[in-house]
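Every chain is numbered from 1, with letters handed out A, B, ... down the list of sequences.
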Amino acid sequence: KAGVTQTPRYLIKTRGQQVTLSCSPISGHRSVSWYQQTPGQGLQFLFEYFSETQRNKGNFPGRFSGRQFSNSRSEMNVSTLELGDSALYLCASSSTSGRTDTQYFGPGTRLTVL
Amino acid sequence: AQSVAQPEDQVNVAEGNPLTVKCTYSVSGNPYLFWYVQYPNRGLQFLLKYITGDNLVKGSYGFEAEFNKSQTSFHLKKPSALVSDSALYFCAVSQSAGGNNRKLIWGLGTSLAVNP
């Protein structure tokens, strides 16, 4: 099976712009989670989608939003970019959103905000 | 408060020696524990998880972890380290976010350096 894919792998934006990141989960997986990874804060949970519905949400401002399509592919959008949004954004997929289910991660999208 | 601690930012070990990466947790209810590894400029790779049963869990690449309920720990171990094991290791615990839905809590990571 193909793994989780994320596009693009690298992005450079300027403050105030918006950006959309894409994630394609492993075939058959219905749950997609998004994380922000920075050296200082580690991995921070953004949100999780399952069957096109947001199941859980982390403590991020409303500038961060997401959605999931009927084929389980997911997009994450960040509006009005700030310098502090520079990070590695990771997507993870799993069969379900159950507590014991393993998440499988994509390679990430490296976002740099100038 | 629910939390995961990886008390060592960095662990150094000589190739061929055993390695241990420590993880302790605080969570209500039964803990479900995970270890992941991250190589530079890569996503996280799943190593192993503890759900229930045998306290010693075997995973990928020769890694294993021991669940200790009384010490609320889930330390990652490998009998003989390889230079290629050098990476960033993350421990995570799954708590309930309502119903059976998960909310993963992550440690800040431990950088493992294996010296030749």
Side-chain angles (χ1 to χ4, degrees), chain A residues 1-7 9-10 21 23-26 29-51 53-59 87-112, chain B residues 1-10 23 25 27-53 57 59-60 65 67 74 87-111:
Chain A
K1 271 186 182 178
V4 179
T5 58
Q6 292 187 246
T7 56
R9 291 293 311 278
Y10 301 92
L21 312 182
C23 172
S24 292
I26 292 171
H29 284 190
R30 296 165 65 189
S31 169
V32 173
S33 297
W34 287 91
Y35 294 87
Q36 182 194 68
Q37 185 180 21
T38 57
Q41 300 292 324
L43 273 160
Q44 295 189 82
F45 172 73
L46 281 154
F47 28 66
E48 178 179 11
Y49 287 87
F50 181 79
S51 294
T53 301
Q54 188 179 86
R55 282 289 182 94
N56 296 308
K57 190 176 187 304
N59 297 322
L88 181 66
Y89 289 87
L90 293 165
C91 162
S93 79
S94 57
S95 298
T96 72
S97 62
R99 293 183 64 197
T100 62
D101 208 6
T102 300
Q103 291 186 316
Y104 296 92
F105 284 78
T109 294
R110 173 74 63 183
L111 173 64
T112 303
Chain B
Q2 327 274 1
S3 64
V4 172
Q6 293 181 242
E8 299 159 317
D9 290 338
Q10 181 152 344
C23 173
Y25 65 90
V27 65
S28 57
N30 292 325
Y32 301 131
L33 296 149
F34 300 79
W35 274 104
Y36 285 82
V37 60
Q38 185 177 33
Y39 297 98
N41 299 313
R42 304 278 294 277
L44 278 69
Q45 295 180 31
F46 170 71
L47 282 177
L48 51 80
K49 67 181 177 183
Y50 172 81
I51 304 302
T52 188
V57 180
S60 306
F67 171 65
F74 188 55
L88 191 57
Y89 290 80
F90 290 93
C91 177
V93 63
S94 179
Q95 67 168 42
S96 176
N100 193 38
N101 291 337
R102 67 160 161 252
K103 183 177 179 181
L104 275 176
I105 303 170
W106 294 84
L108 291 178
T110 297
S111 179

Of the backbone (N, CA, C, O) and the side chain (C-beta and beyond), which part of A:Tyr35 lies under 4.5 Å from a heavy atom of chain B, both, or neither? side chain
Quick one: side chain to side chain contact (heavy atoms under 4.5 Å, CB included) partners of A:Gln54, sequence neighbours excluded? A:Phe47, A:Tyr49, A:Lys57
Under the criterion side chain to side chain donor-acceptor pair (under 3.5 Å), which of A:Thr102, A:Asp101, A:Thr100 is the partner of B:Lys49? A:Thr102
Under 4.5 Å, counting heavy-atom pairs only, tell me which of A:Pro107, A:Gly42, A:Gly108 racks up the most with chain B. A:Pro107
Non-hydrogen atoms of A:Leu90 and B:Gln38 that approach each other most closely: CD1-NE2, 4.4 Å
A:Phe105 and its ring pair (Phe, Tyr, Trp, His ring centres under 6.0 Å) partner, picked from B:Tyr39, B:Tyr36, B:Phe90, B:Phe46: B:Tyr36
Specify which of B:Ile105, B:Leu88, B:Leu108, B:Leu44 makes the most heavy-atom pairs with chain A at under 4.5 Å. B:Leu44
Would you mind checking which part of A:Thr96 comes under 4.5 Å of any heavy atom in chain B, side chain (CB onward), backbone (N, CA, C, O), both or neither? backbone
A:Gln37 versus chain B, heavy atoms under 4.5 Å apart: side chain, backbone, both or neither? side chain
With a 4.5 angstrom heavy-atom cut-off, could you sort out which part of B:Gln45 is near chain A: side chain, backbone, both or neither? neither
